[in-house]
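Given the structure is predicted, the values throughout are model-derived calculations rather than measurements.
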Amino acid sequence: MAHQKNQTLNVEVLIVGFENLTDYRIPLFLLLLIIYTLTCIENLLIIFLVCVNPRLHCPMYILIGNLFLCEFLYTTDLVPLILHHILLGRPTISHLGCSIQLSVSGAVTIVETLLLTLMSYDRYLAICKPLRYSVLIHNRLCFYLIIVSWFISLTFITATFYFVINLEFCGPLTIDHFFCDFTPYVSFACSDITPVVLIGLSVSITLTILPFVLIVLSYVFIIFTILRIQTSEGRKKAFSTCSSHLLVVTIYYTALFCLYVMPRSDQYLNVYKGLSFAYFSVTPMINPIIYTLRNQDIHKALQATLSKIKTVYC
C-alpha cells in the first residue's frame, strides 16, 4: 500500500498548454516575465504603502492590501513554474506538486472572493450608512473578518488537498493547459473522486455563488441610495467611492463565469486557455492600476513615502 502511494506521488503530469506555440517560446517567456515582474512590483508596493502609511490604516485599505496579497500569491503560485516550463521545454510536474499548486490557488481564490464581498459591504456602509460607518466596521473587526476568511479557506482547501493527494492514477497524465487544472486533473483518477467533487461543489455554492449574491444585493442598495441623492455632484462623488471595486468585481466574476461555465470541448479549448492566461497573468497586473489610478489617498501615501526615503538617503 505504501509502495503504491509512493508511486502515485511520483506520477508525472505533462502540461501541454504551450505545445502549439513552440516557435514563439522566447517572446512568450519575455512577455510573461515582464507581466509577472510588473504584477509583483505593483501589488507589493501597495501592500507596503498600506502597512507603513497611517493615512491608509482604515478598513477599506486594509481589505485592499489583503486583496493584493492574494493577487501576488495567486500569480506567484502559477507563473514561475509556467516560465520554467516555457524556458526548458519540458513541462512536467509531479502529482504532489500539482496537488500543492491546486491547493494554493484554490485557497487564495476563496479568500479573494470573501474579501471582495467584505469590500462591497464596506462600500455599502460608507454610502448607505455613513453616520454609523465607524461603529459598524472598524480596523479590529476588519482584521477578525480577514482571519476568519483565511480560516474558512484553509479548512476547505485542507480537506480538498487530503482527498486529491490520495487519488490514484492508472496511466499517463496529460493536461492541455498552462497549469494543473482541477477538473481535467481529477477526471484522470481511477479511484473514487466523489469526495473531491462534493467539496468542489460545496465551495462553488457557498464560497462563490453566495458571495456573488451578497455583492449584488449590496450594490442594489448602493445604487438606490445614490439615485436618491439630489445633486449630480453628490451622485458623482458617491459613485466614485465604489466604481473601482465595482469594476474589479465585474472583471473577477466575468472571468470566473467564463472559465467555469464554458464547455471544455475542443471547439472552445483555445478560447478557454486564452481566458485562463488573461485571468492568471493580466488581471493581477491591472487590478492595482484600477484601484490606484484616481485614488488620491494612495497617491499622497506614495508621495509621503518617497519624501521620507529621499530625506533619509539624501
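Within the 4.5 Å cutoff, side-chain heavy atoms of T241 are placed close to those of R123. Using a 4.5 Å cut-off on side-chain heavy atoms (C-beta onward), T283 and Y252 make no contact. You'll find the side chain of L173 stays beyond 4.5 Å of the side chain of E12, heavy atoms only. Looking only at side-chain heavy atoms (C-beta outward), L73 and L69 come within less than 4.5 Å of each other. With contacts defined as side-chain heavy-atom distances shorter than 4.5 Å, the pair Y185/I175 qualifies. Using a 4.5 Å heavy-atom cutoff, the side chains of T158 and Y162 are not in contact. In this structure, F212 and V249 have side chains that are not in contact, with every pair of non-hydrogen atoms separated by 4.5 Å or more. Proximity of L118 to S149: side-chain heavy atoms (C-beta onward) are separated by under 4.5 Å at one or more points.
S240 places a side-chain N or O within donor-acceptor distance of the main-chain N or O of K237, the cut-off being under 3.5 Å. Judged purely by atom type and a 3.5 angstrom limit, D297 has no side-chain atom pairing as donor or acceptor with the backbone of R55. Side chain of S244 to backbone of Y291: no donor-acceptor contact under 3.5 angstrom is found. In this structure a side-chain-to-backbone donor-acceptor pair under 3.5 Å is missing from H84 to V79. A donor-acceptor distance shorter than 3.5 angstrom exists from the side chain of H85 to the backbone of T92, with no hydrogens or angles considered. Remark: side-chain polar atoms of S202 are paired, donor with acceptor, to backbone N or O of I199 under 3.5 angstrom. Judged by distance alone, with hydrogens and angles left aside, the side-chain atoms of D181 form no donor-acceptor pair with the main-chain N or O of P184 at under 3.5 Å. No donor-acceptor distance shorter than 3.5 angstrom exists from the side chain of E42 to the backbone of P288, with no hydrogens or angles considered.
Aromatic ring orientation, Y219 versus H245: parallel (interplanar angle below 30°, classes split at 30° and 60°). Using a 30° and 60° split on the angle between ring planes, F169 and H95 fall in the perpendicular class, above 60°.
Side-chain contact of Y124 with T225: a donor-acceptor pair under 3.5 Å is absent, judged by distance alone.
Under the side-chain contact (heavy atoms from CB on, under 4.5 Å) test applied with M285, the options I35, I34, N43, T75 reduce to a single match, I35.
Distance CD1/I146 to SG/C142: 4.0 Å, rounded to 0.5 Å. Residue T292 holds its OG1 atom at 5.0 Å from CD1 of I46, rounded to the nearest 0.5 Å. Here the CG atom belonging to N139 is positioned 3.5 Å from the CD1 atom belonging to I62, to the nearest 0.5 angstrom. Considering CD1 of I193 and OG of S187, their distance stands at 7.0 Å, rounded to 0.5 Å. Residue Y279 holds its OH atom at 11.5 Å from CD1 of I251, rounded to the nearest 0.5 Å. Taking NE2 of H299 as the start and CG of L49 as the end, the distance is 10.5 Å to the nearest 0.5 Å.
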Checklist entry - Going through the checks in order, is the side chain to side chain contact (heavy atoms under 4.5 Å, CB included) test met by F239 and I223? => result CA-CA 8 Å; F239 182 73; I223 291 170; over 6 Å; no

Next on the checklist: Determine whether T208 and Y253 satisfy the following criterion, side-chain hydrogen bond (donor to acceptor under 3.5 Å, both in side chains), listing intermediate values before the conclusion.
Outcome noted: CA-CA 9 Å; T208 304; Y253 272 101; over 6 Å; no

Checklist entry - Where do F179 and L81 land on the side chain to side chain contact (heavy atoms under 4.5 Å, CB included) test, with the steps shown first? => result CA-CA 8 Å; F179 51 87; L81 189 59; over 6 Å; no

Next on the checklist: Checking F163 against S191 for the side chain to side chain contact (heavy atoms under 4.5 Å, CB included) test, could you report, in this order, the C-alpha distance in whole Å, the side-chain angles of both residues, the deciding distance, and whether it holds?
Outcome noted: CA-CA 11 Å; F163 288 113; S191 55; over 6 Å; no

Next on the checklist: Applying side chain to side chain contact (heavy atoms under 4.5 Å, CB included) to K273 and D176, what does each step give before you reach the verdict?
Outcome noted: CA-CA 9 Å; K273 287 161 63 176; D176 192 0; 3.0 Å; yes

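Heavy-atom minimum distance, K129 versus L136: CB-CD1, 4.4 Å. Between C180 and L102 the shortest heavy-atom distance is O-CD2, 3.1 Å. The minimum heavy-atom distance linking A238 with I229 is given by the pair CB-CD1, 3.8 Å. The minimum heavy-atom distance linking T194 with D192 is given by the pair OG1-OD1, 2.7 Å.
Clustering ILVMFWY residues whenever any of their side-chain heavy atoms sit less than 4.5 angstrom apart, transitively, puts V248 in the very cluster that holds I286. Cluster membership for V216 and L256, using ILVMFWY side-chain heavy atoms within less than 4.5 angstrom, is shared. L214 and L67 are assigned to two separate hydrophobic clusters, defined by single-linkage of ILVMFWY side chains at heavy-atom distances under 4.5 Å. Under a hydrophobic-cluster definition in which Ile, Leu, Val, Met, Phe, Trp and Tyr are linked whenever side-chain heavy atoms come within less than 4.5 Å, directly or via other members, L78 and L30 are assigned to the same cluster. A continuous path of hydrophobic side-chain contacts links V148 to I157 [ILVMFWY only; heavy atoms under 4.5 Å].
Between H177 and Y272, a ring centre-to-centre spacing shorter than 6.0 Å is recorded.
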